[in-house]
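Working notes, structure below.
What you see below is based on every heavy atom in this structure, not just the backbone, and it leaves out hydrogens, waters and symmetry mates.
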Amino acid sequence: MSNTIPTTFLILLIIQFVLMIVDRGIYLRKSITAKFIFLIVMVIAVHLYFFFILPEINQLPFRQNTPAQLWYFFKCIYFALSAFQVRSGYPTRILGNCLCKSYSLPNVFAFMGWRAIPFLLEIRILMDWLWTNTTLTLAHWVIVEDIYGNAYITKGWRKMEKEYPVPRGEPKGKVSKYAQGGGMLLGICLIIWFPLIIISLSNTNSLVNPPSDATVSLQLGGYQPIFTMSAQEQNLQALTKTEYSKLKNKFITDESRSFFAGYKAEDIYKVTIPGESAVTWSISPPSREALMDDLLSENDMNVKFRYSFTRESELSPVATVSNEYLFVLSAEKNQTVREDLARQLNLTDTTSPNVTLLDVFPPYIIVPNEGEPDRADDLLPNGEYQYSDITLVLQSGGIDQLGDGISEWWSVSEDGTPYLTIYTFNQRVASVLFAPLSGYGIIGLYILIITIVGKFIRTMFSGVSFTIMFTELPNVDRILKLCLDIYLVRECGELALEEDLMAKLIFLYRSPETLIEYTKFKRD
């Protein structure tokens with residue numbers, strides 16, 4: 001599953017977004033002529049695209065394209081409503097938000113939800129200020145909208161308190177306490193444990209991620225690798241339950257039991273590397289002589305065993321992971337081995353023995369989704385079977401029918417068998433459903449959710465004292481009326497009066513004493 005967005009789809013989304021802004025601008029300017037021209041252009045463009053351009057791009061008729069049909073259906077609804085709007089005309093007065101026509105709880109919650117949508121409030125404020133005749137600066141415009149929104153919400157709460165009065169001195173009921181406080185407590189607990197639940201579910205629903213190719217190579221010093229071979233298909237086999245049990249019972253330490261708990265039988269693969277090198281050893285005579293001299297010298301020689309694993313799963317973050325194990329052939333401790341290798345390289349010596357290298361490669365390797373595969377140290381804490389030995393033999397021969405002459409290649413064996421055996425412990429990948437979340441990792445996901453959601457929740461429990469004089473207003477009717485008066489005089493073109501009313505609103509919020517007097521209930 002690809003994480004990319006098709007370019008055509010992205011262009012359509014951007015065009016649709018721009019059209020929404022243009023339509024809103026025409027509405028604010030109340031230009032029926034512009035709306036009519038815009039509608040005609042849209043009708044022609046949409047029909048050209050859906051019935052002529054899109055079938056050519058997708059090579060699919062419109063009647064067989066279900067997503068295009070659904071989009072066209074909603075476009076037709078939009079065209080019908082736009083035509084009715086052109087026929088009926090725009091309203092002569094645009095006062096406030098359409099959700100603020102009533103102070104009922106559904107309207108209040110709908111308005112609060114609308115304000116919580118990211119960037120929606122900001123885009124509306126900017127568009128309204130751009131395409132409305134006003135004397136207010138953008139900062140003053142934002143102040144009016146914010147005061148009106150907060151006053152409307154406060155009015156909704158005061159209305160609810162009036163309709164559902166609570167007798168004085170009576171404690172809060174259990175129903176309201178558990179519904180409000182219990183719900184918030186449950187929500188916070190879920191937020192705290194949500195990342196761990198997601199990671200657990202992603203592991204439970206994860207998919208096996210076996211290797212499709214395993215390649216190993218052996219290199220002496222800085223010379224050309226002497227052995228290179230790959231294992232594919234039949235040489236890569238998942239363990240059966242019987243083989244899994246035998247392998248598990250082979251290790252009896254607590255660390256190994258804990259290690260096997262993270263892997264199932266299908267997660268462990270037995271990789272069989274054929275012992276005959278896949279490529280011939282075509283070293284040049286000077287390099288051959290230099291290698292023999294290095295083996296017979298008193299300098300240490302590095303030996304590299306490289307291994308890489310390739311997966312074909314699209315959910316795997318990295319297709320190929322590789323690593324290498326480096327060990328040293330010491331001139332002092334491994335003198336006999338080095339001399340035997342030099343004898344195999346000597347073409348005149350026909351009695352050269354097979355060479356056994358000790359501790360060449362780890363037989364148990366953890367293959368992660370990304371990063372470097374490494375030996376299973378948790379499985380082998382004491383290093384009892386940490387590395388395997390191999391026997392090297394330099395072979396020579398040719399194909400008589402081809403007549404290409406003599407070729408050389410190296411063959412390896414392990415414990416007398418003509419192949420190498422490696423057990424890979426393959427880490428699983430998250431399923432398509434949990435892949436986007438598990439990609440962050442447990443630490444990243446935890447920090448992301450706790451930081452963002454925690455900051456939002458913290459605003460509900462701290463800093464509340466600084467907003468008491470604005471959220472605990474007993475009667476906001478006069479403030480709402482003042483905001484609506486600003487909207488009304490603006491729509492009527494009385495811009496000088498708009499400035500006066502705005503100055504009054506700012507003075508009101510700059511003076512706590514005046515605000516207290518302004519929001520008192522009138523006494524009979």
Side-chain angles (χ1 to χ4, degrees), residues 95-126 128-129 132 134-166 168 172 176 180-181 184 452-490 497-523:
L95 303 179
N97 194 300
C98 62
L99 298 175
C100 302
K101 305 302 180 184
S102 171
Y103 299 106
S104 62
L105 283 183
N107 285 72
V108 172
F109 284 123
F111 181 70
M112 293 173 64
W114 176 83
R115 290 182 52 158
I117 298 176
F119 303 114
L120 185 58
L121 175 63
E122 292 79 4
I123 291 176
R124 179 185 180 273
I125 289 177
L126 290 174
D128 288 0
W129 184 73
T132 302
T134 179
T135 60
L136 303 184
T137 63
L138 178 60
H140 285 168
W141 187 285
V142 173
I143 290 174
V144 175
E145 293 294 330
D146 187 58
I147 291 176
Y148 178 77
N150 292 330
Y152 172 79
I153 295 174
T154 302
K155 174 67 176 179
W157 295 135
R158 297 295 88 84
K159 182 181 179 182
M160 184 190 68
E161 293 170 357
K162 186 176 181 181
E163 293 178 350
Y164 303 98
V166 177
R168 184 178 180 184
K172 293 294 181 182
S176 62
Q180 184 178 6
M184 296 182 68
I452 296 178
V453 182
K455 279 189 175 182
F456 175 75
I457 294 178
R458 179 60 59 85
T459 59
M460 302 171 59
F461 293 89
S462 64
V464 182
S465 58
F466 300 104
T467 61
I468 289 177
M469 65 177 295
F470 305 112
T471 58
E472 298 299 325
L473 300 174
N475 182 16
V476 294
D477 291 347
R478 297 175 70 182
I479 296 178
L480 287 172
K481 185 177 182 303
L482 181 56
C483 292
L484 292 175
D485 287 343
I486 294 176
Y487 297 153
L488 181 60
V489 297
R490 180 192 301 148
L497 188 55
E498 179 194 26
E499 282 191 82
D500 295 339
L501 293 177
M502 182 63 201
K504 180 179 179 180
L505 182 63
I506 292 177
F507 173 77
L508 183 64
Y509 271 78
R510 288 182 59 220
S511 174
E513 294 83 2
T514 307
L515 186 61
I516 292 174
E517 292 294 330
Y518 205 74
T519 55
K520 283 183 177 180
F521 283 103
K522 293 183 178 180
R523 295 185 178 181

- Side chain N107, main chain Y103, donor-acceptor under 3.5 Å: no
- Item | Main-chain N/O of L99 paired with Y152 side-chain donor or acceptor, under 3.5 Å | yes
- Can you find a heavy atom in the side chain of H140 that is under 4.5 Å from one in the side chain of I506? yes
- Query: If we only count heavy atoms from C-beta on, is the Y148 to I486 side-chain gap below 4.5 Å?
  - Reply: no
- Note on the structure: Value for CH2 (W157) from CG (L105), rounded to nearest 0.5 Å, stands at 6.0 Å
- Message: Is any side-chain heavy atom of V142 closer than 4.5 Å to one of W129?
- Response: no
- Task: Supply the atom-to-atom distance E122 CD to I117 CD1, rounded to the nearest 0.5 angstrom.
- Result: 11.0 Å
- Item | Pairwise distance CD1(I143) to CG(L136) - rounded to 0.5 angstrom | 9.5 Å
- Message: Quick check: closest heavy atoms across P474 and R158, and the distance to 0.1 Å?
- Response: O-CD, 3.5 Å
- Could you tell me whether K481 and D477 make a salt bridge, using a distance below 4.0 angstrom between a side-chain N and a carboxylate O? no
- Chi angles and distances behind the side chain to side chain contact (heavy atoms under 4.5 Å, CB included) call for Y518, K504: CA-CA 12 Å; Y518 205 74; K504 180 179 179 180; 3.9 Å; yes
- Query: Above 12 or not: heavy atoms from other molecules or residues under 6.0 Å from CD of E161?
  - Reply: yes
- Message: Within a 6.0 Å radius of atom NZ on K101, are there more than 12 heavy atoms belonging to other residues, nucleotides or ligands?
- Response: yes
- Report yes if some heavy atom in the side chain of I125 is under 4.5 Å from a heavy atom in the side chain of L121; otherwise report no. yes
- Distance (rounded to the nearest 0.5 Å) between F119 CZ and L126 CG: 11.5 Å
- Given T471 and N150, is the side chain to side chain contact (heavy atoms under 4.5 Å, CB included) satisfied, shown in steps? CA-CA 8 Å; T471 58; N150 292 330; over 6 Å; no
- Option from L488, V476, I147 for which side chain to side chain contact (heavy atoms under 4.5 Å, CB included) with C483 holds: I147
- Task: Return yes if some donor-acceptor pair links the side-chain N/O of E498 with the main-chain N/O of T134 below 3.5 Å, else return no.
- Result: no
- Item | Spatial distance of atom CZ (R478) from atom CG (L473) [nearest 0.5 Å] | 12.5 Å
- Query: Tell me the ring-ring contact (aromatic ring centres under 6.0 Å, His included) pairs involving residues 457-476, sequence neighbours left out?
  - Reply: F470-Y509
- Indicate yes or no: at least one non-hydrogen side-chain atom of N97 is less than 4.5 angstrom from one of R124. yes
- Interatomic distance, L505 atom CG to L482 atom CG [nearest 0.5 angstrom]: 5.0 Å
- Task: Kindly indicate, with the supporting measurements, whether the criterion side chain to side chain contact (heavy atoms under 4.5 Å, CB included) is fulfilled by I153 and R115.
- Result: CA-CA 11 Å; I153 295 174; R115 290 182 52 158; 4.2 Å; yes
- Message: The test is side chain to side chain contact (heavy atoms under 4.5 Å, CB included); show your working for K155 and L480 and say whether it passes.
- Response: CA-CA 9 Å; K155 174 67 176 179; L480 287 172; 3.8 Å; yes
- Side-chain (S511) to main-chain (F507) donor-acceptor, under 3.5 angstrom: no
